[in-house]
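One is the number of the first residue; the rest follow in order along the sequence.
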Amino acid sequence: MPAIDFRASLNDEQFAAVTAEPGPLLVLAGAGSGKTRTLTYRVAYLLSQGVKPGEILLLTFTNKAAKEMLHRVHELTGVEPARFWGGTFHSIGNRALRMFGDAIQLPKNFSILDADESESLLKQCVESVDKLFFKDKTNPRPGPLFSVLSMARNTQLSLADTVARHFPQYGEIAHRLPAFATAYEKARREQSVVDYDDLLELWLRLLTDAPDVAAYFNQRFRHVLVDEYQDTNTIQAQIVDKLAAHHRVMAVGDDAQCIYSWRGADFENIMTFPDRHPGTVIHRIEINYRSTPEILNFANGVLNSAPKGRHFEKELRAARKHGQKPSVIQAMDDREQAAFIVKRIESLVSDDGVSPKEIAILYRSHFLALEVQLALSRAGIPYVITSGVKFFERQHVRDLIALVQFVYQPKNTLAWQRFAILLPKVGEKGAQKIYAAALDHAKLLQKNFIDALAEDDVKTKVPKDAKDDWANFCASLKQVGEAMDAGRPADAVKVAIDGWYGDYMKGAYADYMDRLEELKGLVGFASQFTEMQEMLTQVALLNGETAEKEVEPTDDAIRLTTVHQAKGLEYDVVFVIGAADNQFPTRRSIEAGDVEEERRLFYVAVTRAKNELYISYPRVATRAGPGGMMLQPSRFLLELPNDLYDELRIKRSWGW
C-alpha cells in the first residue's frame, strides 16, 4: 500500500476524525465540509494501521455512495473494492441472510420479490381475509397499503400509530390492517420469498435470535463505518448497534440534515447515539468549502434559533472569501414572486455570466413552483425539474384537468377516457361502451350528456364493481358543471377535488395528503380566470410549450427541485421560494406542533448556495382562491437577526 500523507491531505478537524482511536465515534459533518472525504480517508487510515479489508464494514444508503467511496479508497490505497464488505443496508442484509438464513428457518435459496410482486402477493392476502376490501375505493389499493405496512415495519411502530402519524386518511380502517399484515407475512414464509423490508427485519432477527451468527459478525467486522447516519430508521440503528457490540463504530452524519422522517428516518437515532455507545467521542467537522461566509452566517442563524437541547451545537465556518449577504424578497403574490425570479435570472445569465445550470429554484412542495414554471415558460427560459415531472404533467393533476375538460366539453372523448377508466373494472372498451350509451340516450331524450349518464339504461353498461361508485361519479360531474355555469372556474376545480375524484385519490395514493395540497394549488391557478375556456386554453398552451422544449438534465437549463431532492447538491445561485408560514414550514407541520424537521429542511435549502442566495415569499397566497389568503413571512426568517440578510423591495416598475 502506498504511503499517504494524511496530515497534508486533510484539515485539522478531518485529520482528528480520520486518525481517531478505535471506539465509538460520532462524526458530525456539517454541510459542504467534506464528509465523503473523511470516511474515505478513515478506511485508508485503518488499512495503513494493519486492519485487513475484510475486517471493515461500510454501510451506506445508496449503492452509488458505496461504490464511489470504495473507488476512492482503491485510488488512494490500491486495495480492490471487492475485498471490502461495503454497500447499502439492504444489500449487506441479503448477503448475511444468504450465508446464515437457515439459523432463522429461512432457506438460503430464497427469492426476493420486487415492488410489483410484493403488491400482488399482498393483494391476494388481503382478499383472502376480506374479499370486498378493495371494492371500497376510499380504502388503500395494494400499493398505498404496502407503504403503510412498510412504514410500520421499518419504524417498529404499531399499525395504529403509523396510520395516525403518517397516513391519517386511513384512520377508520386502521384496526383492520394487522390481520392483513399477518396473512402477508405468513404467505411469504410459506413461499420462501422475502420482500425488500424483510432484508432488514430478518437480518436484525438473525443478529438477535442467533447468538453464534451475531458473534461471527462481531469478530469478523472489527470496524463498522456508517454513512448518513442521521437517515437511519429504527431497524437500521438496531442493526448497527448489534454489529458494533464491540463499540468500534464510526457513525458519520449531520443531525441538522435529518429530513426524511416521512420515509421512516428517526432523528433520535443520532441524538441518542452517545447514550447507546458509552464513551462516544464526538468529532465536529465544521469548515465549509462550498458557501460564502455570509451564506453560512445565515445558515448558522437558522440552526441557532432551534430549541436548546434538541440538536448538537455546531457552527459552520467558511473557507471562502466574503460575498454578498443573502437577500429576502417580499412579493405581493405568487405571480410577482415568479416575475422577480425571471428578471433576476435574466440578469444573472446575461449580465453576470452565470451558467443557467448553476441556478436552482428550491421549494418545499411542488405546487409552490407552479407560477414560476409558467413564468419561465412564457419568458422562453429552459428549465428542468429534477424532482419529478412538471406540475401539469403529474398524474393526479392530469386526471383532474381531464375531468374538468370533459364537463366543459362532453365531446372530448380522450378526456372521458382518461378519468372514466379510474372506475373499478372499467377499461378502455368499457369506457367507450358507457360513453356510446350515454350519447344515444342524450339524443333520444334530448338531455345534456352529463344528465344522461345518470339514467338507468346507461347504468346497465357499468360493470358490477363500479356500480356503487356510479351515483357519486355522476353527481360529481353534475356539480362541476353547475359551478362552471355560474362562471367560477376556481369553484369548478374545488368541487371536482371535493367530489368523486378526491375519494378515488384517497385510495390510490399513499401520499394523498401531499397530492391534495397540490390540487388546492390548482384552485389558486384557476382563480386567475373568469372563463373556463380561458383556463383550459392556458393549460393546453403551457403543456404544449413545455413539450416543445424538452430539456435533458444535462442541458444548460435552470434547475427546479424540491428541497428534499436537492440534498447533497450545490449551485452557484439558489432561490428558495414560498418562504412563508403555512408554505415553509407547512401548515400540517405547524398544526402538528412539529416544525423542527421543517427547520432542518430550510437549513438544507440555504446551504445549497455557493455564491448568492435569494429567499422570497408572497404576501398573498393566490392558491386560496379569489381574494387569496394573507401570509406571514416564515418563522425561520422572523427568528433571524436582521443583519444576516438584505431586504430587497420590489418596485412595480421592476427594479429593486
Side-chain angles (χ1 to χ4, degrees), residues 138 166-169 262 331 333-335 337-338 363-374 385 387-405 407 419 422 476 479-480 483-484 486 488-530 532 535-536 538-539 542 560 562-564 577-592 598 617-632 634:
T138 60
H166 298 284
F167 307 96
Q169 70 267 30
W262 52 278
D333 56 19
D334 296 329
R335 269 157 281 172
Q337 175 177 249
Y363 37 87
R364 174 63 182 87
S365 311
H366 284 283
F367 69 82
L368 296 174
L370 176 54
E371 288 296 338
V372 173
Q373 288 180 45
L374 305 185
I385 296 183
S387 57
V389 295
K390 296 179 172 70
F391 184 83
F392 282 116
E393 290 166 8
R394 285 173 68 70
Q395 199 171 342
H396 52 298
V397 177
R398 290 180 67 188
D399 288 345
L400 197 88
I401 292 286
L403 189 153
V404 171
Q405 276 175 327
V407 174
F419 71 90
L422 302 177
S476 192
Q479 287 159 0
V480 173
M484 272 184 207
R488 293 191 300 270
D491 286 356
V493 172
K494 186 173 184 309
V495 168
I497 298 167
D498 292 342
W500 168 83
Y501 185 71
D503 287 345
Y504 161 80
M505 209 166 61
K506 196 179 283 187
Y509 299 112
D511 59 349
Y512 159 78
M513 305 295 281
D514 293 330
R515 289 178 190 253
L516 189 61
E517 283 293 304
E518 290 182 10
L519 290 183
K520 287 177 182 171
L522 200 54
V523 177
F525 172 74
S527 71
Q528 302 173 40
F529 306 98
T530 52
M532 184 54 77
M535 181 194 121
L536 293 173
Q538 188 64 49
V539 171
L542 278 164
L560 270 72
T562 61
V563 183
H564 280 106
I577 63 172
D581 262 17
N582 288 325
Q583 293 187 344
F584 199 171
T586 62
R587 180 171 50 81
R588 272 199 290 156
S589 69
I590 293 169
E591 287 171 357
E598 296 282 307
Y617 63 93
R619 283 295 282 145
V620 177
T622 44
R623 72 185 193 86
M629 175 181 77
M630 294 301 289
L631 293 171
Q632 294 299 318
S634 171

Heavy-atom closest contact (A496 atom, V404 atom, distance): CB-CG2, 4.3 Å
With F419 via ring pair (Phe, Tyr, Trp, His ring centres under 6.0 Å) - residues at least two apart: F406, W416, F473
Sub-4.5 Å side-chain heavy-atom contact between E371 and D333: no
Atom of L522, atom of L400 and distance for their closest heavy-atom approach: CD2-CD2, 3.8 Å
Validation row, ring centre F367 to ring centre Y363 under 6.0 Å: no
Test side chain to side chain donor-acceptor pair (under 3.5 Å) applied to T530 - qualifying residues, sequence neighbours left out: none
Expected output: side-chain S634 to main-chain F584 donor-acceptor under 3.5 Å: yes
Nearest non-hydrogen partners of L631 and D581, listed with the distance: CD2-O, 3.7 Å
Between CZ on residue R488 and NZ on residue K494, distance to nearest 0.5 Å: 11.5 Å
Full working for side chain to side chain contact (heavy atoms under 4.5 Å, CB included) between H564 and W262: CA-CA 11 Å; H564 280 106; W262 52 278; 3.0 Å; yes
Heavy-atom check, side chain of V539 versus side chain of Q405, under 4.5 Å: no
Where A490 and A526 come nearest, the two heavy atoms and their spacing: CA-CB, 3.7 Å
Whether Q337 side chain and G578 backbone form a donor-acceptor pair below 3.5 Å: yes
Derivation and outcome, side chain to side chain contact (heavy atoms under 4.5 Å, CB included), residues R364 and E598: CA-CA 9 Å; R364 174 63 182 87; E598 296 282 307; 2.9 Å; yes
Between CG on residue L368 and CD on residue E517, distance to nearest 0.5 Å: 9.0 Å
Test side-chain contact (heavy atoms from CB on, under 4.5 Å) applied to A492 - qualifying residues, sequence neighbours left out: V480, A483, M484, M532
Test: E518 and R394 ion pair at under 4.0 Å: yes
P618 side chain reached by Q583 side chain, heavy atoms, under 4.5 Å: yes
Non-neighbouring partners of R515 that pass side chain to side chain donor-acceptor pair (under 3.5 Å), sequence neighbours left out: H396, D511
Check: L370 and L374 side chains under 4.5 Å, non-hydrogen atoms: yes
Partner set under side-chain contact (heavy atoms from CB on, under 4.5 Å) for R588, not counting sequence neighbours: M513, D514, T586
Without placing hydrogens or testing angles, list every side-chain donor-acceptor pair under 3.5 Å for residues 500-510, not counting sequence neighbours.
| residue | atom | partner | partner atom | Å |
| --- | --- | --- | --- | --- |
| Y501 | OH | D399 | OD2 | 2.8 |
| D503 | OD2 | N472 | ND2 | 3.3 |

